[in-house]
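In what follows, a structure is listed as structure tokens, so that the remarks can point back to it.
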Amino acid sequence: MKIVVIGGSGLIGSKLVSKLKQQGHEVIAASPKTGVNAVTGEGLAAALAGADVVVDVANAPSWEPAAVLEFFQRSSQNLAATEAAAAVKHHVALSIVGTDRSPDIAYFRAKLAQETIVKASPVPYSIVRATQFFEFLGAIGEAGAIDGKIVVPSASFQPIASDDVVASLAEVATGRPLNGTIDIAGPEKAPFNEFVARRLKASGDSRPVVGDAKAGYYGAPIEDTSLVPLGEARLGKTSLAKWLATA
């Protein structure tokens with residue numbers, strides 16, 4: 001099976017490329033670093049020629065509202081058109097749990113626009129919505145630094161290890177198209193601030209972590225259930241404790 005990973009040079013993309021190659025597939029890591037730009041279309045037709053599956057895990061270089069929306073709209077439109085022309089059999093998109101429930105978050109709005117384009121394409125698809133990754137807990141905490149402490153939301157949180165995201169993506173990509181959406185999340189759910197506190201403590205950071213129901217997430221207000229699956233979800237196998245032991 002020939003699989004093209006859009007965003008194949010990033011955190012998720014590079015791991016996914018390795019995993020799929022280990023499974024014996026022909027895999028192309030497509031990104032601007034390898035001469036493939038889904039936003040401009042550069043190198044896209046050549047990369048997708050003969051592809052069975054395309055997995056889009058690309059991340060926008062700018063999260064400014066207009067820029068991130070343009071990135072996902074243009075890249076998704078280009079992918080849809082090029083995939084249709086190349087007779088690609090399955091498009092897999094990595095999205096975010098709750099992306100349709102947090103319209104005040106610009107990145108979520110952009111991902112929802114991406115999902116809309118994927119669904120409208122004639123190419124069979126699967127959308128995998130993931131919760132936040134363990135790998136970003138430290139940076140999220142740092143964004144809430146103020147007056148010697150860390151202030152983050154107290155909303156429910158269920159982060160997941162990137163390796164578990166990759167495992168789910170590989171399973172979906174090599175299976176039949178869902179023509180639908182699934183949620184994936186970590187095995188543990190707790191208040192946002194508890195996960196951040198555990199991450200900081202493990203790294204030797206002694207600053208207190210405060211959970212505030214009014215604290216924003218990437219500058220936007222959220223509800224208690226904004227960032228967690230509301231229904232059935234596929235759960236990763238890696239606990240935060242296990243991840244911290246090897247991080």
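Everything numeric in this text was worked out from a predicted model, so none of it was measured. The figures that follow rest on heavy atoms only: side chains count, while hydrogens, waters and symmetry mates do not.
- The two atoms that bring Val166 and Lys15 nearest to each other are CG2-CB, 3.7 Å, heavy atoms only.
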Audit row: Lys119, Ile127, side-chain contact (heavy atoms from CB on, under 4.5 Å) steps and yes/no
CA-CA 9 Å; Lys119 293 176 182 178; Ile127 295 173; 3.8 Å; yes
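- Counting only residues at least two apart or on different chains, the ring pair (Phe, Tyr, Trp, His ring centres under 6.0 Å) pairs with a member in residues 14-68 are Trp63-Tyr107, Trp63-Tyr218.
- Crowding of Glu223 atom CD: a count of heavy atoms from other residues, nucleotides or ligands under 6.0 Å not exceeding 12.
- By the criterion of side-chain heavy atoms lying less than 4.5 angstrom apart, applied directly or through intervening Ile, Leu, Val, Met, Phe, Trp or Tyr residues, Phe72 is grouped together with Leu11 in one hydrophobic cluster.
- One hydrophobic cluster, built from ILVMFWY side chains closer than 4.5 Å, holds both Leu16 and Leu94.
- The shortest side-chain heavy-atom distance between Asp104 and Pro221 falls under the 4.5 Å cut-off.
- The side-chain heavy atoms of Val228 and Thr131, taken from C-beta on, include no pair separated by under 4.5 Å.
- To the nearest 0.5 Å, the span separating OG on Ser239 from CG on Leu244 amounts to 8.0 Å.
- Between atom CD of residue Glu188 and atom CZ of residue Arg198 there is a gap of 5.0 Å, rounded to the nearest 0.5 Å.
- To the nearest 0.5 Å, atom OG of residue Ser206 and atom NZ of residue Lys149 are 15.0 Å apart.
- Atoms CD1 and NZ, on Ile28 and Lys21 in that order, are 9.5 Å from each other to the nearest 0.5 Å.
- In terms of heavy-atom proximity, Leu178 sits nearest to His90 at N-NE2, 4.5 Å.
- Note on Ile3 and Ile12: same hydrophobic cluster, where clusters join Ile, Leu, Val, Met, Phe, Trp and Tyr whose side-chain heavy atoms are under 4.5 Å apart, directly or indirectly.
- Arg129 and Asp100 are joined by a salt bridge, as a carboxylate oxygen and a charged side-chain nitrogen come within less than 4.0 angstrom of each other.
- Taken from NE2 in His91 to CG in Asn179, the straight-line distance is 12.0 Å, to the nearest 0.5 Å.
- Contact annotation: the side chain of Leu112 approaches that of Glu115 to within less than 4.5 Å [non-hydrogen atoms, C-beta and beyond].
- Arg207 and Glu142 are joined by a salt bridge, as a carboxylate oxygen and a charged side-chain nitrogen come within less than 4.0 angstrom of each other.
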side-chain contact (heavy atoms from CB on, under 4.5 Å) assessment of Leu230 paired with Thr225:
CA-CA 7 Å; Leu230 295 183; Thr225 58; 3.7 Å; yes
Could you tabulate the donor-acceptor pairs under 3.5 Å formed by side-chain atoms of residues 34-44, not counting sequence neighbours?
| residue | atom | partner | partner atom | Å |
| --- | --- | --- | --- | --- |
| Thr34 | OG1 | Ala29 | O | 2.9 |
| Thr34 | OG1 | Ser31 | N | 3.0 |
| Thr34 | OG1 | Ser31 | O | 3.0 |
| Asn37 | OD1 | Val39 | N | 2.9 |
| Asn37 | OD1 | Thr40 | N | 3.2 |
| Thr40 | OG1 | Glu42 | N | 3.2 |

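- Of the listed residues (Phe134, Phe133, Phe192, Phe136), just one forms a ring-ring contact (aromatic ring centres under 6.0 Å, His included) with Phe157, and that residue is Phe192.
- For NZ of Lys2, the number of neighbouring non-hydrogen atoms (other residues, nucleotides, ligands) closer than 6.0 Å is greater than 12.
- Looking at heavy atoms from C-beta onward, Leu69 lies out of side-chain contact with Arg109 at the 4.5 angstrom threshold.
- Contact check for Val88 versus Leu79: no side-chain heavy atoms found under the 4.5 Å cut-off.
- No donor-acceptor pair closer than 3.5 Å links the side chain of Ser102 to the backbone N or O of Thr99.
- Considering every non-hydrogen atom in both Val152 and Ile140, the closest pair reads CG1-O, 4.3 Å.
- Looking at every heavy atom in both residues, Val68 comes nearest to Ser62 through CB-O, 3.5 Å.
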Should Phe108 and Leu227 be marked as a side-chain contact (heavy atoms from CB on, under 4.5 Å) after you check the CA-CA gap, both sets of side-chain angles, and the distance that decides it?
CA-CA 11 Å; Phe108 281 33; Leu227 305 177; 4.1 Å; yes
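- Here the closest non-hydrogen pair linking Gly180 and Tyr125 is N-CE1, 3.5 Å.
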Could you go through Leu240 and Leu137, starting from their C-alpha distance and side-chain angles, then the distance that decides it, and tell me whether this counts as side-chain contact (heavy atoms from CB on, under 4.5 Å)?
CA-CA 11 Å; Leu240 180 60; Leu137 288 175; 4.0 Å; yes
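- Proximity of Asp56 to Glu83: side-chain heavy atoms (C-beta onward) are nowhere separated by under 4.5 Å.
- Using modelled atom types, one finds a donor on one side chain and an acceptor on the other under 3.5 Å when comparing Gln132 with Tyr217.
- A donor atom on one side chain and an acceptor atom on the other are found under 3.5 Å apart for Gln114 and Lys111.
- Contact record, Ser226 with Arg101: O-NH1, 3.4 Å, taken as the closest heavy-atom pair.
- By the 4.5 Å heavy-atom criterion applied to side chains, Val209 and Lys201 are not counted as neighbours.
- Side chains of Val128 and Val165 form no contact here, defined as non-hydrogen atoms less than 4.5 Å apart.
- No path of Ile, Leu, Val, Met, Phe, Trp and Tyr side chains, each step under 4.5 Å between heavy atoms, connects Val97 with Leu235, placing them in separate hydrophobic clusters.
- Residues Ile182 and Val53 share a single hydrophobic cluster, defined by chaining ILVMFWY side chains whose heavy atoms lie under 4.5 Å apart.
- We find the CE-CD distance between Met1 and Glu26 to be 11.5 Å, quoted to the nearest 0.5 Å.
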